[in-house]
2 protein chains.
Amino acid sequence: MTTYWCEHAWLPGGLLAGVLVDATDTITAVSTVDAAPAGAERLSGVVLPGFANAHSHAFHRALRGRTHADGGTFWTWRTAMYRLAARLDPDRYLTLARAVYAEMAVAGVTCVGEFHYVHHPAGGGRYADPNAMGEALRQAAADAGIRMTLLDTCYLAGGIDTPIAPEQARFSDGSVAAWADRIAGQRDAPHARVGAAIHSVRAVPRADLAGAVEAAGARPLHVHLSEQPAENEACAAAYGRTPTELLHEAGALTPRTTAVHATHLSTQDIKLLGGAHTGVCFCPTTEADLADGIGPARELVDAGAPLSLGSDQHAVVDPLLEARALEHGERLRTGERGRFGPRELVEALTSAGHAALGWPGGLLAPGAPADLVAVRVDSVRTAGCRPDQVVLAATAADVHTVVAGGRVVARDGRHERLGAVGPLLASAIEELWA
Amino acid sequence: MTTYWCEHAWLPGGLLAGVLVDATDTITAVSTVDAAPAGAERLSGVVLPGFANAHSHAFHRALRGRTHADGGTFWTWRTAMYRLAARLDPDRYLTLARAVYAEMAVAGVTCVGEFHYVHHPAGGGRYADPNAMGEALRQAAADAGIRMTLLDTCYLAGGIDTPIAPEQARFSDGSVAAWADRIAGQRDAPHARVGAAIHSVRAVPRADLAGAVEAAGARPLHVHLSEQPAENEACAAAYGRTPTELLHEAGALTPRTTAVHATHLSTQDIKLLGGAHTGVCFCPTTEADLADGIGPARELVDAGAPLSLGSDQHAVVDPLLEARALEHGERLRTGERGRFGPRELVEALTSAGHAALGWPGGLLAPGAPADLVAVRVDSVRTAGCRPDQVVLAATAADVHTVVAGGRVVARDGRHERLGAVGPLLASAIEELWA
């Protein structure tokens, strides 16, 4: 057992100073004491629960700093992303994803939701192990010392009433049944759970949606929703419905479901999502980088939808910047401040994110996984802040110690087992583009 | 003379690898050579020209992480800001501003525009030296090793047709003539130039605008413009004009003028500003934090207005994040990517900012001040990026060496003369709120 003494700790009831956390792989006791007792590991600053990154496409990290030369839109960016996807194989993906998950770990992420759709060899066919790519991702998370939910994604069409394009062939299993068969071969592991995803109403035809929902069963089910106006327009033209309405009809909106982005919604869409207590996962830095827009986060939460956060395409991997960007988006679109207070932002980063991925945790309380993220309050960024508002000033550069499942995985921006993460990323990305 | 060898350097013609920069306090020669010669200081990564922070209210830094508890708007935030302003005196302001400018220096800022309006003792009256507060700011910049333009601000009214409130009394000289007399007592110094500002059309009545413009003479003249819709509404109600139109009528729109924020503009406003080649200074992190909105940056530049950047109220002091937020704002409001490419973002951070403050510089070329900002390309944030796109991925945490006027002022986030900046900020801010 390890005892951590936290200068300040973010407990379910609020921020307290001088908190002792006893932990094995889970938290066994939480108490308060003014000074660190002998033998305790001292964590300065503010200790938060581990962050859940509820939406990740690990390979997109290799596009960071490579798509800003020529203007364009979400859709031209997607073309670049397809070129990158074509270069992946299980070995290369393991190397890249290990580095990306290590980047997440040093930023305080202790649990990731990997929305995984690059299933098969480029051009189609099958690997000897049809889950080889997913296994590479599970291994990468293990190597980085974080937990994951592998949201294995059903992807059957190139668009509404559009067949799969050659560059999308490796994403598709051909049918809902074949997708369901393949994921049936996956088993939960101590660090990795099996989840499901419907890529979007673009990539799964209306006739297949209910079957995909059924095949997902009790697993967490994620779906990209209304990220771009063009999805809504195509859906309205083909089906006379919004994507949210289409998912509702197919029985896809349940409390186990998380709608990712949820950017361009009608009032009725918000009611449907909130009324079903379907989660929403916002990815604010991606939604800015990809020119998606600012979604109605506050309205969704007020309607009943739990809100989590994701770094998605990883133009930025910084949960604290993600939370700040969420609140900044609200301020920009409404002219009001404090649309989400620090408490709600921390909840989105932690407990709501874990719930969206089907894991317990994201809180500092007995029985929860021992995930702790210690944030400096004496850096140039955070000096002078109230500790209970530091989430609006800190960045991942202020995360000094990360404990996941009772083990220290990162200190001072360096991964404990993997070392400096920048060089890991650089070599993995250079190899991919070589 | 010092010779710097830059792994990559951002020259006026583009990014080059292997660049030698010879410098005294100014750059004397620029050439290319593959490897660092003996005796040269090696600067790894991408070396950019020094950043100009074209809009600063140094004391606002003491509000960071202290205004997020209770919702509100720009106007409730302003009330908190007035409470803080009431606590300043020349000694406390020197201590605080020195720490804030040191924070800027470690982030790559080598020149700051301080929009200064806390002139007089709280409640009114005069200091023995009526420029004592401005002198504190000039001294703070000298201590931090950066150049400044002190934009001494004319502030005469509490709002349109509204007298000065008690908490604003220390901002006002009582008349344009008294303001002009006071700033006539200031002299340029090697590190500090005298500039002028009109606080806004709220704080300077219509009848005084032309006089203030005349008194500013050939100095750089800055003005807050249409940051909030309420300013436009009050201006329309009182004068039947937009704030931009009012400034235009007063002769305030010249190439020496910089309009700060320029958030809520009409098409005609954009034409007036662009046609006059009046500069615009966007402060994207402030405009998000204060719920101002997203202004028409691209349209202003296309109309002829040079664009600079500022950190304003210092909720964030990170020029690279400011540049990224500018482009993110464009993407969010238009659905298009690459509205400003890396080259234009660097220009806004460097040469355009210096021009807005009446200084030469902001470029790596012979004759310019020897200001160099070296940015890591091997961090978790920047690994894998193209060096010429790093401005969209790096943050101030990636700035490893800052040279201002030929002297190294910061290395690895630590100020060369002042040491660790976090503790300086913490003690200055705690003293103010005590």
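Every chain is numbered from 1 and lettered A, B, ... according to where its sequence line falls, protein lines coming before strand lines.
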Engineer: Does any backbone or side-chain atom of Arg324(A) lie under 4.5 Å from a heavy atom of chain B? Answer side chain, backbone, both or neither.
Structural biologist: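 Interface part for Arg324(A): side chain.
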
Engineer: What part of Arg61(A) gets within 4.5 angstrom of chain B, counting heavy atoms only: side chain, backbone, both, or neither?
Structural biologist: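 Arg61(A) touches chain B through side-chain heavy atoms alone.
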
Engineer: Working to the nearest 0.5 Å, report the span between CZ of Arg331(A) and OG1 of Thr73(B).
Structural biologist: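 With rounding to 0.5 Å, CZ (Arg331(A)) is 11.0 Å from OG1 (Thr73(B)).
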
Engineer: Chain B heavy atoms under 4.5 Å from Asp378(A): which part of the residue, side chain, backbone, both or neither?
Structural biologist: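 Asp378(A) touches chain B through backbone heavy atoms alone.
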
Engineer: Given heavy-atom pairs under 4.5 angstrom as the criterion, report whether the side chain, backbone, both or neither of Glu336(A) touches chain B.
Structural biologist: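 Both backbone and side chain.
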
Engineer: Determine the option with the most heavy-atom pairs under 4.5 angstrom with chain A, choosing from Thr285(B), Leu424(B), Thr67(B).
Structural biologist: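 Option with the top pair count is Thr67(B).
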
Engineer: Checking the side chain of Arg337(B) only, and the main-chain atoms of His68(A) only, is there a donor and an acceptor separated by less than 3.5 Å?
Structural biologist: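 No, Arg337(B) side chain to His68(A) backbone: no donor-acceptor pair under 3.5 Å.
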
Engineer: Let's test your reading of the structure: which of Ile429(B), Leu321(B), Leu332(B), Asp292(B) forms the most heavy-atom pairs below 4.5 Å with chain A?
Structural biologist: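 Maximum pair count with chain A is reached by Leu332(B).
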
Engineer: Counting only heavy atoms closer than 4.5 Å, note whether Val391(A) contacts chain B via side chain, backbone, both or neither.
Structural biologist: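 Neither part, no heavy atoms under 4.5 Å.
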
Engineer: Give a yes or no on whether the backbone of Gly384(B) and the side-chain of Arg66(A) come within a donor-acceptor separation of less than 3.5 Å.
Structural biologist: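 Answer holds: yes.
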
Engineer: When heavy-atom pairs shorter than 4.5 Å are enumerated against chain A, which of Gly341(B), Ala102(B), Ala288(B) gives the highest number?
Structural biologist: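 It is Ala288(B).
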
Engineer: Measure Val380(A) against the heavy atoms of chain B and call it side chain, backbone, both or neither at under 4.5 Å.
Structural biologist: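 Contact with chain B is through both the backbone and side chain of Val380(A).
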
Engineer: Under 4.5 Å from any heavy atom of chain B, what part of Ala315(A) do you find: side chain, backbone, both or neither?
Structural biologist: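 When you check distances to chain B, no heavy atom of Ala315(A) falls under 4.5 Å.
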
Engineer: So which part of Leu432(A) gets closer than 4.5 Å to some heavy atom of chain B, the side chain, the backbone, both or neither?
Structural biologist: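 Neither part.
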
